[in-house]
Amino acid sequence: SRRAYLLDVTGETPPRMLFDAGVRDAAISPDGTKVLFCRGRSNWNRKGYEGPQALQMWLADLSTTPATVTRLCEDREHFQNVAHMDPMWADDGQSYYYTSDPDGTFDIYHRPLEGGEARRVTNVGAGDGSDDGVAFPVLSRDGDTLLFRRRFDMMTCDAKCGATTDVPRVATGDGVA
């Protein structure tokens, strides 16, 4: 499985493995002391999968030696887990956003790092009854806006209130405006 390494962009020091655990999707905290990462074997496009191979969210605390690794999502009954993926740190460094599909549609959730209930940020299938959800989300540097793909469209979302907006696509040079 893949591992996370710290690379010196100047090339003066060799790569250093941050912690010894398999990694899918990772995000370094704003202060550089923690890493949110996913472990599991299911694919991002496996909508509604529940089982032991679902991607799980973990936290590595790099301020300890060796790094302390903690699982952030609980097992569901009989290990019928749902995906927790696409980790994104909130600008406060004390909470994070992620994508999950507990009802079969991938949406973005927000959760405090110390635990507690997750807040559903998006509910993209509610308007049209579709199970086509969020894909490939990113959070703006200021933490105010999420950008993601849904179907073949791009959308933005106010990270605080969850209001979504379609991003217009305009192709120039094809005679259509």
Side-chain angles (χ1 to χ4, degrees), residues 1-44 53-76 81-102 106-124 133-150 154-165 167:
S1 64
R2 298 182 213 156
R3 300 291 191 261
Y5 287 84
L6 183 63
L7 301 176
D8 178 0
V9 294
T10 65
E12 294 177 15
T13 58
R16 178 176 60 93
M17 185 167 52
L18 295 177
F19 47 89
D20 193 13
V23 173
R24 295 246 328 244
D25 300 337
I28 297 177
S29 64
D31 67 4
T33 63
K34 296 176 182 65
V35 177
L36 284 169
F37 66 99
C38 300
R39 298 186 75 180
R41 299 199 184 281
S42 62
N43 290 327
W44 71 269
Q53 293 188 21
L55 292 170
Q56 305 158 0
M57 190 69 61
W58 290 73
L59 175 72
D61 184 347
L62 305 178
S63 66
T64 63
T65 305
T68 305
V69 179
T70 307
R71 185 170 164 191
L72 297 178
C73 52
E74 302 289 325
D75 277 326
R76 292 173 63 172
N81 301 322
V82 296
H84 290 79
M85 58 190 190
D86 303 319
M88 298 165 280
W89 284 95
D91 60 340
D92 63 7
Q94 300 302 310
S95 59
Y96 61 98
Y97 294 90
Y98 64 97
T99 308
S100 187
D101 66 337
F106 285 111
D107 274 302
I108 298 172
Y109 293 80
H110 177 258
R111 186 173 183 206
L113 196 56
E114 72 270 1
E117 287 298 312
R119 175 180 63 88
R120 186 180 203 143
V121 177
T122 61
N123 195 359
V124 295
V134 169
F136 312 115
V138 293
L139 182 64
S140 63
R141 184 175 296 217
D142 64 9
D144 291 339
T145 305
L146 290 150
L147 173 71
F148 58 89
R149 190 186 92 189
R150 180 169 189 241
M154 298 299 293
M155 299 181 79
T156 61
C157 173
D158 182 304
K160 307 302 183 234
C161 74
T164 57
T165 306
V167 175

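What you are looking at is a predicted structure, and each value in this text was computed from that prediction instead of being measured.
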K.L.:
In Å and rounded to the nearest 0.5 Å, what is the CG to OG1 distance from Asp158 to Thr145?
P.N.:
6.5 Å
K.L.:
Testing the basics here: between Ala90 and Pro30, what is the closest heavy-atom pair and its distance to 0.1 Å?
P.N.:
O-CG, 4.0 Å
K.L.:
Any donor-acceptor pair under 3.5 Å linking the side chain of Arg3 with the backbone of Val23?
P.N.:
no
K.L.:
What is the distance from atom CZ of Arg71 to atom CD of Gln56, rounded to the nearest 0.5 Å?
P.N.:
3.5 Å
K.L.:
For a quick check under 3.5 Å, do Thr68 and Asp61 share a side-chain donor-acceptor pair by atom type?
P.N.:
no
K.L.:
Rounded to the nearest 0.5 Å, what's the gap from CG on Leu146 to CE on Met155? Could you check?
P.N.:
11.5 Å
K.L.:
Checking Asp86 against Phe148 for the side chain to side chain contact (heavy atoms under 4.5 Å, CB included) test, could you report, in this order, the C-alpha distance in whole Å, the side-chain angles of both residues, the deciding distance, and whether it holds?
P.N.:
CA-CA 11 Å; Asp86 303 319; Phe148 58 89; over 6 Å; no
K.L.:
Verify, without hydrogens or angle tests, whether Asp107 (side chain) and Gly133 (backbone) share a donor-acceptor contact under 3.5 angstrom.
P.N.:
no
K.L.:
Determine yes or no for a side-chain-to-main-chain donor-acceptor pair under 3.5 angstrom, with Arg119 supplying the side chain and Lys160 the backbone.
P.N.:
yes
K.L.:
I need the minimum non-hydrogen distance between Asp25 and Pro87, along with the two atoms involved.
P.N.:
CB-CD, 3.6 Å
K.L.:
For Leu72, is the CG atom crowded, meaning more than 12 foreign heavy atoms sit under 6.0 Å from it?
P.N.:
yes
K.L.:
If you compare all heavy atoms of Leu113 against all heavy atoms of Lys34, which two are closest, and at what distance to 0.1 Å?
P.N.:
CD2-CD, 4.0 Å
K.L.:
Check for a donor-acceptor pair, side chain of Thr122 on one end and backbone N or O of Ile108 on the other, with a separation under 3.5 Å.
P.N.:
yes
K.L.:
Any idea which heavy atoms bring Pro137 and Thr99 closest together, and the distance?
P.N.:
CG-OG1, 3.3 Å
K.L.:
Any heavy-atom pair between the side chains of Tyr109 and Pro102 that's under 4.5 Å?
P.N.:
yes
K.L.:
Given side chain to side chain contact (heavy atoms under 4.5 Å, CB included), test Cys157 with Val121 step by step and report yes or no.
P.N.:
CA-CA 8 Å; Cys157 173; Val121 177; 3.7 Å; yes
K.L.:
Which of parallel (below 30°), tilted (30 to 60°) and perpendicular (above 60°) describes Tyr96 and Trp89?
P.N.:
perpendicular
K.L.:
Closest approach of Ala54 and Ala83, non-hydrogen atoms and distance?
P.N.:
CB-N, 3.9 Å
K.L.:
Atom OG of Ser100 and atom CG of Leu55: how far apart are they, to the nearest 0.5 Å?
P.N.:
10.0 Å
K.L.:
Please give me the minimum heavy-atom distance between Phe19 and Ala67, naming the atom from each residue.
P.N.:
CB-CB, 3.9 Å
K.L.:
CE of Met154 to OG1 of Thr165: how many Å apart, nearest 0.5 Å?
P.N.:
13.0 Å
K.L.:
Just wondering, more than 12 heavy atoms not from Glu117 lying within 6.0 Å of its CD?
P.N.:
no
K.L.:
Tell me every residue that passes side-chain hydrogen bond (donor to acceptor under 3.5 Å, both in side chains) with Asp142, counting only those two or more places apart in sequence or in another chain.
P.N.:
Ser140
K.L.:
Drop me the distance from Phe106's CZ to Met85's CE, to the nearest 0.5 angstrom.
P.N.:
3.5 Å
K.L.:
Does Arg39 use its side chain to pair, donor to acceptor, with the backbone of Gly22 at less than 3.5 Å?
P.N.:
yes
